[in-house]
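In listed order, ligands and their atoms are each counted from 1. Just so we're clear, the structure is a prediction, and the values are computed from it rather than from any experiment. Values below: all heavy atoms of this structure, side chains included; hydrogens, waters and symmetry mates excluded.
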Amino acid sequence: MMHSALAFADGTSSDIYRDLYDWFLAHPVFERWYQGSPWQLHCVGGPGSGKTTLAALVSEHIAKSKHFSRSIVVHVSVQHDVCARELEFLEDLLLAIYQELESKSEENDEDDEDSEDLFDIYVQERQKLGGCRVSRRIQLLQKAVYSCLANLPKSSHVYLVLDGYDRCSLTLKTLLDNELSALQQKDLSIFITSRLAVYENIESRCDHLNHGGAPDDDPIDLEDREVLGLCLECQVCEDIMCFPCRDAGRICRKCGNNDGLKEPYEFVNIRIGQIPNDQMTKYITWNLEREHGDLKLGSSAQKPPLSILGESLLAESTLNTAGALVERILDLALGDIGLAKARIDLVHEMESISDMEARRDQLPANILAMFDAGLRKLEGRSPEEKDLGLKAVAASGRDITGVSIPVMQRWLHQSISEDTRSGEDILEATNGFLFATTGDAIQKIQVYHTSFYYYVAKRHNLNLFEADRRLRADNARRMSSFAEVQASAASQVRFEPRDVPAEPAERTPFKLQRTVTAMDPIMEPIDDGPAHPFILRKGTRAWN
Ligand SMILES: [Zn+2]
Ligand SMILES: [Zn+2]
């Protein structure tokens, strides 16, 4: 029996729009990963961003791919939060990998007796009267799995797709990181989905004299060079070289050759929260037409006869009402698939376009309920975590462009029982509602979506409102000078995920990275109450 949180994932459901993640599967970073990269691929997206669907599509894609003559995919998912029995979780993950490798070995493979013997020892120890301790069970399983991987024919390649890594406690993540890193060394390709990006405080810039095509006598100042998502490091002299420099034929100047160049990181993040507009438009039109019939939007959906709303949308044939509706959903979703779905669900409930106009400027009840459900998960944690989580979310509602981590910490530390040690603690406590920005001189923490910002700022949630009120009161009482924060922030480290944007932006080589001074917004205690109470409607989606 497996740990209750761990399960083999089922394939994709038939009710998905399969083309939504084509951009991801065609992404050069994804392609490099599945052709056997030396790093793990971490796919990061906020609540409801479609990570599970993507994991299923990735498994399918690999299984069909012809890059290796045989691809074995171990696809497991973490079903719920794991805060206890973490070592058993690790044991069962290894067990799942071993069993998949065994069951997917082909009959004509030579029997891998070494691994089977090792596995038998594990089974015997586990079944011993009174059992054997967990660390020994894990060691025995590791031996069996590693041996199995080492004995696979060269033409085979093994992938581990792990969905829901963010549901693991920080302790378990640390255990898993070690194990995944060891598995990666044994040539297993690892794909993870998570709400949170893993932290790193490495900031790499290209060291090459001619970076950006600059001549020898006029190189770009190091601090003016862009921070690199992907890069190479010379193992001999430790100089960093960017891929464009390597591809332009530049050579490590200290060593006179490029033999030592290696990618120096263990993982690469791709954010999936931002679906490109053209894919999103196709998704919205598909979803509308499969429900309301042929709205002349030209989607690939199987179209039923026109619904009442469908007829209403087509009534004024001169106006492109359906097209305008698509545009409107696109604008409000801002690339987020979860919010696009919620908006479309609302449309499905309506009978005419005037219903829609009546509430165009409110946050709809199903989206409010979605956010409420997400926050209830934070509230279910330990009192300290709950306090930190709610106050951090409340504080993030003070600035839509984000709050710098030192300022956020200062606010929080005046109000919570135990100080945070890093931005990581804040992000862990807020479970994907907040994320750390990249590219700011002082890294900021920001709400994951504009709609969520309005939810926070307009005080739609009573507990959040209460947390905000207490935070403001504590801050007002203990206000110290801003200069003090700046001084304490001077020696900060960065917690920057190694990040590849969904659509790689054109890099201007001479772009300046200017230092931005963090502004400390004036904090006044506020006393106005929460926004109007709201009523739950049908069609509300469970979301956590
Ligand atoms: Zn360069
Ligand atoms: Zn070198």
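Between Cys237 atom SG and Cys234 atom SG, the angle centred on the Zn ion (ligand 2) amounts to 110° (nearest 10°). Rounded to 10°, the angle formed at the Zn ion (ligand 1) by Cys206 SG and Cys245 SG is 120°.
Ionic pairing of Arg253 and Asp216 is present here: one or more N-O contacts between side-chain nitrogen and carboxylate oxygen are shorter than 4.0 angstrom. Under the 4.0 Å criterion applied to side-chain N and carboxylate O atoms, Asp239 and Lys254 are assigned as salt-bridge partners.
Nearest N/O/S atom of His211 with respect to the Zn ion (ligand 1) is recorded as ND1.
Taking the six-membered ring for Trp, Phe371 and Phe452 have ring centres closer than 6.0 Å.
Screening Val76, Ile72, Ile192 against Leu160 for a side chain to side chain contact (heavy atoms under 4.5 Å, CB included) leaves a single residue, Val76.
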